[in-house]
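Because the structure is a prediction, the values reported are computed rather than measured.
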Amino acid sequence: MKKLIVIMLLALPVTLLASDNDAKIKEDIKNYFISENEPSVKDAVWTDDHIFKVGVLDNGSNRDGFADYVCLELNQKGLKDTLVRVVDIAAIQKGKWVNLGTSHCNK
């Protein structure tokens with residue numbers, strides 16, 4: 001029992017460090033997508049630990065390909081098992097969530 005407690009206490013700082021690192025990576029990713037690097041993105045937000053939503057203006061096209069691109073960026077930063085949703089930013093301003101594209105980042 002004492003060994004289990006010691007192991008748990010030793011693992012705690014590593015878990016907290018990983019959590020802080022993930023938070024920093026997620027903030028950096030959000031900032032990248034809302035920067036001038038991605039002019040089509042009007043806003044981005046993490047709505048859950050594993051759900052990233054990117055707001056764009058609806059031009060009538062399916063945005064699954066853009067969601068796949070977002071997944072590539074997330075995967076390069078080490079974030080996996082994330083659901084990306086590309087949503088209509090104008091609809092959100094009217095109180096509606098309209099999904100334009102989706103990708104599951106599992107790589």
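Cluster membership check: Val41 shares its hydrophobic cluster with Ile25, using side-chain heavy-atom separations under 4.5 Å among Ile, Leu, Val, Met, Phe, Trp and Tyr. When hydrophobic clusters are built by joining Ile, Leu, Val, Met, Phe, Trp and Tyr residues whose side-chain heavy atoms come closer than 4.5 Å, directly or via intermediates, Phe66 is not grouped with Ile89. Note on Val98: it clusters hydrophobically with Val54, by side-chain heavy-atom contacts below 4.5 Å among ILVMFWY residues. Linking Ile, Leu, Val, Met, Phe, Trp and Tyr whenever their side-chain heavy atoms come within less than 4.5 Å puts Val56 and Ile29 in one cluster. The same ILVMFWY cluster, assembled from side-chain heavy atoms under 4.5 Å apart, contains both Phe33 and Leu79.
The OH atom of Tyr69 lies 13.5 Å from the CZ atom of Arg63; values are rounded to the nearest 0.5 Å. In this structure, Lys77 NZ and Tyr32 OH are separated by 9.0 Å, a value rounded to the nearest 0.5 Å. Separating the CZ atom in Phe52 from the OG atom in Ser103 is a distance of 13.0 Å, to the nearest 0.5 Å. For the atom pair CG of Asn75 and SG of Cys105, the computed distance is 5.5 Å after rounding to the nearest 0.5 Å. The NZ atom of Lys53 sits 4.0 Å away from atom OG1 of Thr47, with the distance rounded to the nearest 0.5 Å. Note: Ser40 OG to Leu57 CG = 9.0 Å, rounded to the nearest 0.5 Å.
Taking 4.0 Å as the cut-off between side-chain N and carboxylate O, Lys26 and Asp22 do not count as a salt-bridged pair.
The main-chain N or O of Thr102 is found under 3.5 Å from a side-chain atom of Asp64 such that the two form a donor-acceptor pair. Judged by distance alone, the side chain of His50 and the main-chain N or O of Asp81 form a donor-acceptor pair under 3.5 Å. A donor-acceptor distance shorter than 3.5 angstrom exists from the side chain of Lys42 to the backbone of Pro39, with no hydrogens or angles considered.
Nearest approach of Trp46 to Thr82, heavy atoms of both residues: CZ3-CG2, 3.8 Å.
Proximity of Ile92 to Trp97: side-chain heavy atoms (C-beta onward) are separated by under 4.5 Å at one or more points.
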